[in-house]
Visitor: 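If you scroll down you'll find the structure; I have some questions about it.
In the text below, chain A, chain B and the rest are named by the order of the sequence lines, each starting its count at 1.
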Protein chains: 2
Amino acid sequence: MFFLKDLPTREMISGFAHSLDVVDVQKTGDALQMLRRASLLIRQLERYFALHGLSQTQFLVLMILHRDQSKHSHLAAKICEKLDVSKPVISTTLKTMQRRGFIVYCEKAEDSRMKPLRISDAGRELLLKLLPGYFEILQAG
Amino acid sequence: MFFLKDLPTREMISGFAHSLDVVDVQKTGDALQMLRRASLLIRQLERYFALHGLSQTQFLVLMILHRDQSKHSHLAAKICEKLDVSKPVISTTLKTMQRRGFIVYCEKAEDSRMKPLRISDAGRELLLKLLPGYFEILQAG
DNA sequence: ACAATATAGTTAGCATCATAACCAATAACG
DNA sequence: CGTTATTGGTTATGATGCTAACTATATTGT
């Protein structure tokens, strides 16, 4: 991600704005600043994950799988919902995660459309290794 | 973009955290919340731009070109800096923007490596059309 | 002057995301 | 029952981003 490095100044916003009608310069400026901060943070996180061969999505999937230890298995559709990404993304993400050994598919369920899966030991190990740095980046941001 | 729909609760953060050392639950939670809000906002903006055949990057390029009316022409490298995206992205973005008539290349400069360009009338028109909605979304977010 | 370096921009290759269209299996319902 | 709708998941296609490697021109430094 990214976002304007040199944020529009208040002057500039009101410059754009005064030809328009109702622009709350303060609110707009805040929103832009937030977008910028978030972009930088996301970038930092992505770089951190990439350093360990994960994408952010993969990391978040690991979080979800690990978090809910009560469930013995999870479904792509549910992960999809929690993560708020499209189905195809989860589909391919899970495939590569399986290839790399971070998740394993369980035995089939009664409903044979479903492909229940869970985090593997390697996956959990990696997640736990990355968590401290993850929180550190979040806090500093 | 995207980010965890159901944000990690404080309990969850401290759940992850207590095995770790120093985690400021408050700060971490705030950061996650910001990421989530920013993701939603960016998504909304992208949808808005897409509705008018622009990507966010294209829109921001238009902003930059329009903003600095003092300069008669701009360079890809400078845009790149201001926007904080990689060179190749600007390169291809500008190419498609030219194809669609939103920018025009000026006469060559003395330094023949440079390809000075400026916003076209069509580009400026589109930008001005989109600005109100842009600010509206920002404010609401 | 000329070799080494830096800069502007492009191209190639890859990862990730999205939407749309598609199976296959289950559920709903007349 | 049997047709229709829904649901879990995949595949196809296209947009956008990145890094690395490239061309071509300018600049620096000896």
Visitor: Is the shortest side-chain N to carboxylate O distance from B/R37 to B/D30 below 4.0 Å?
Guide: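 Salt bridge flag = no for B/D30 with B/R37.
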Visitor: Is atom CD of B/Q44 surrounded by more than 12 heavy atoms (other residues, nucleotides or ligands) closer than 6.0 Å?
Guide: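 Atom CD in B/Q44 is packed in, count exceeds 12.
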Visitor: Looking only at side-chain N and O atoms, does B/S112 come under 4.0 Å of OP1 or OP2 in D/dA26?
Guide: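 Result: yes.
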Visitor: Which sits closer to the 5' end of DNA chain D, A/R47 or B/L54, going by the nucleotide each is nearest to?
Guide: B/L54
Visitor: Of B/V89 and A/A77, whose nearest nucleotide on DNA chain D comes first from the 5' end?
Guide: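 Taking each residue's closest nucleotide, the earlier one in sequence belongs to A/A77.
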Visitor: To the nearest Å, how far apart are B/K115 NZ and D/dT25 P?
Guide: 13 Å
Visitor: Linking I/L/V/M/F/W/Y whenever their side-chain heavy atoms sit closer than 4.5 Å, directly or via other members, would A/L130 and A/L60 fall into one cluster?
Guide: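 Yes, A/L130 and A/L60 fall within the same hydrophobic cluster.
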Visitor: Look at the rings of B/F49 and B/F59 and say which category their plane angle falls in: under 30° parallel, 30 to 60° tilted, over 60° perpendicular.
Guide: parallel
Visitor: Hey, which of these two, A/D111 or A/T92, hits DNA chain C nearer its 5' end, going by closest nucleotide?
Guide: A/T92
Visitor: Base, sugar-phosphate, or nothing: which does B/S55 touch, judged by heavy atoms less than 4.0 Å apart?
Guide: sugar-phosphate
Visitor: Expressed in angstrom and rounded to an integer, what is the separation of A/L83 atom CG from C/dA18 atom C1'?
Guide: 14 Å
Visitor: OP1 or OP2 of C/dT19 sitting under 4.0 Å from any side-chain N/O of A/S86?
Guide: no
Visitor: To the nearest angstrom, how far is A/L117 atom CG from D/dG9 atom P?
Guide: 8 Å
Visitor: If every non-hydrogen atom of A/L127 is compared with every non-hydrogen atom of A/H66, which pair is closest and at what distance?
Guide: CD2-CB, 3.3 Å
Visitor: A/L75 side chain: which of D/dG9, C/dT10, D/dA26 is closest?
Guide: D/dG9
Visitor: In whole Å, I'd like the distance from the CD atom of A/E110 to the P atom of D/dG8.
Guide: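 My rounded result for the distance is 13 Å.
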Visitor: Under 4.0 Å between any heavy atoms, over every strand shown, what does A/I90 touch: base, sugar-phosphate, or nothing? Just pick one.
Guide: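 A/I90: no heavy atom of the nucleic acid under 4.0 Å.
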Visitor: Output the rounded distance in Å from NE2 (B/H74) to P (C/dG9).
Guide: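 Atom-to-atom, B/H74 to C/dG9, this comes out as 13 Å.
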Visitor: Nearest-Å distance, CD (B/E46) to P (D/dG17)?
Guide: 8 Å
Visitor: Between B/R113 and D/dT23, is there a contact of a side-chain N or O with OP1 or OP2 at under 4.0 Å?
Guide: no
Visitor: Counting heavy atoms from C-beta on, name the nucleotide in D/dT19, D/dG8, C/dT16 closest to the side chain of A/K87.
Guide: D/dG8
Visitor: Taking 4.0 Å as the cut-off, does a side-chain nitrogen or oxygen of B/S91 come that near to OP1 or OP2 on C/dT10?
Guide: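 Yes, within the criterion.
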Visitor: Side-chain N or O of B/K95 versus OP1/OP2 of C/dT11: is the shortest distance under 4.0 Å?
Guide: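 For C/dT11, OP1/OP2 do have a side-chain N/O of B/K95 under 4.0 Å.
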Visitor: Calculate the interatomic distance between A/M114 atom CE and C/dT26 atom C1'; express it in whole Å.
Guide: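 Atom CE in A/M114 sits about 9 Å away from atom C1' in C/dT26.
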Visitor: Looking at C/dA18, D/dT19, D/dT11, which one has an atom nearest to any side-chain atom of A/V85?
Guide: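 Nearest nucleotide to the side chain: C/dA18.
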Visitor: Can you give me the closest heavy-atom contact between B/S73 and B/P116, atom names plus distance?
Guide: OG-CB, 3.5 Å
Visitor: Rounding to a whole Å, what distance do you find between A/M97:CE and D/dT10:P?
Guide: 14 Å
